[in-house]
Asker: 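After the structure tokens below, expect a handful of questions from me.
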Amino acid sequence: FGLQYIDNKGVTSWLRMNKKVKDQNLQKQYPWRFRFKVKLFPEDVSVHIIQDSTLRLFYLELRELIVKEEVYCPPETSVLLASYVCQEKFGDFDTGNYNTSVLDIDCLLPARVIQQHRLTHSQWEEKIVDCWLEHKDVFRKMRCYPT
């Protein structure tokens, strides 16, 4: 992980930890804005990421990159990941408490996937819910983290 900022030339840069902040090419306007971002993506997450909090931060970053289409994700995998987001955020699927306005498809799936397949909102919702039903009792430990 590292801190990312826009330098005085408008280029996205990484904060160098061996230099003072004021000695780096930061924009002259205040306040300075830093983003806590994943700097290196490990090939095998299960081997290289040990702590739950690090895994959680990695997961949030990757989820954001997929939805913003900065990282490619196949449509089927996008639906699966959207169902994991629902499981994490809402817990086990409950037909009695489910409301169709709960799922914001635009925040769950990349725009490219939505446009490519031209399904209706309810059809996307049905695909996500079908996967969500298979995740019973998954992410119980992680639900204590805010999304």
Asker: For Glu69 and Arg112, indicate whether the former's side chain and the latter's backbone hold a donor-acceptor pair under 3.5 Å.
Answerer: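 Indeed, once roles are kept as given, a pair shorter than 3.5 Å links the two residues.
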Asker: Taking the side chain as everything from C-beta on, heavy atoms only, tell me whether Val79 gets closer than 4.5 Å to Cys131.
Answerer: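 SC-SC contact between Val79 and Cys131 confirmed.
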Asker: Are the charged groups of Arg63 and Glu88 less than 4.0 angstrom apart, N to O?
Answerer: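 The answer is yes: the pair qualifies as a salt bridge.
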Asker: Which distance, rounded to the nearest 0.5 Å, do you find between the OG of Ser78 and the NZ of Lys127?
Answerer: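 Going from the OG atom of Ser78 to the NZ atom of Lys127 covers 12.0 Å.
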Asker: Using a strict threshold of under 4.0 Å (side-chain N to carboxylate O), is an ion pair present between Glu64 and Arg35?
Answerer: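 Yes, this pair counts.
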Asker: Begin with the C-alpha distance, continue with both residues' side-chain angles, and end with the deciding distance and a verdict on side chain to side chain contact (heavy atoms under 4.5 Å, CB included) for Phe93 and Gln87.
Answerer: CA-CA 7 Å; Phe93 182 82; Gln87 176 67 22; 5.8 Å; no
Asker: Using 0.5 Å steps for rounding, measure from the SG atom of Cys86 to the CG atom of Leu81.
Answerer: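 Atom-to-atom, Cys86:SG and Leu81:CG are 11.0 Å apart.
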Asker: Assess the residue pair Lys37 and Leu3 against the criterion (side chain to side chain contact (heavy atoms under 4.5 Å, CB included)); give the C-alpha distance rounded to whole Å, side-chain angles, the decisive distance to 0.1 Å, and a yes or no.
Answerer: CA-CA 6 Å; Lys37 305 281 281 178; Leu3 294 174; over 6 Å; no
Asker: Does Leu80 have any side chain to side chain contact (heavy atoms under 4.5 Å, CB included) partners at least two apart in sequence or in another chain, and if so, which?
Answerer: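 Leu80 satisfies side chain to side chain contact (heavy atoms under 4.5 Å, CB included) with Ser83, Tyr84, His135 once adjacent residues are dropped.
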Asker: Set out, in order, the CA-CA distance, both residues' side-chain angles and the distance that settles side chain to side chain contact (heavy atoms under 4.5 Å, CB included) for Tyr59 and Val85, then state yes or no.
Answerer: CA-CA 10 Å; Tyr59 159 75; Val85 170; 3.4 Å; yes
Asker: Could you list the residues that satisfy side chain to side chain contact (heavy atoms under 4.5 Å, CB included) with Glu126, not counting sequence neighbours?
Answerer: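 Listed in chain order: Asp130.
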Asker: Are Leu62 and Phe36 co-members of a hydrophobic cluster defined by side-chain heavy atoms under 4.5 Å apart?
Answerer: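 Yes; tracing contacts between hydrophobic side chains, which count when under 4.5 Å, links both residues.
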Asker: Val113 and side chain to side chain contact (heavy atoms under 4.5 Å, CB included): which partner among Pro74, Pro75, Cys73?
Answerer: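 Option passing the side chain to side chain contact (heavy atoms under 4.5 Å, CB included) with Val113: Pro75.
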Asker: Is a donor from one side chain sitting under 3.5 angstrom from an acceptor on the other, for Glu125 and Ser122?
Answerer: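 Judged by distance alone, the side chains do not pair up.
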Asker: Please report the interatomic distance CD(Gln116) to CG(Leu109), rounded to the nearest 0.5 Å.
Answerer: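 Nearest 0.5 Å value for the CD-CG distance: 11.5 Å.
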Asker: Do Leu133 and Ile128 sit in the same hydrophobic cluster, where Ile, Leu, Val, Met, Phe, Trp and Tyr count as joined when their side-chain heavy atoms come under 4.5 Å apart?
Answerer: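 Yes, one cluster joins them.
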Asker: Just so I know, are the side chains of Leu108 and Leu103 near enough to count as touching, which here means a heavy-atom distance under 4.5 Å?
Answerer: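 Counting from C-beta outward, Leu108 and Leu103 do come under 4.5 Å.
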Asker: Just verifying a value: how many Å separate Ile105 CD1 and Thr120 OG1, rounded to the nearest 0.5 Å?
Answerer: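 Atom-to-atom, Ile105:CD1 and Thr120:OG1 are 9.5 Å apart.
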Asker: Should the ring pair Trp132 and Phe90 be called parallel, tilted or perpendicular, given that the plane angle runs from 0 to 90° and is split at 30 and 60?
Answerer: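 Ring orientation, 0 to 90° scale: tilted.
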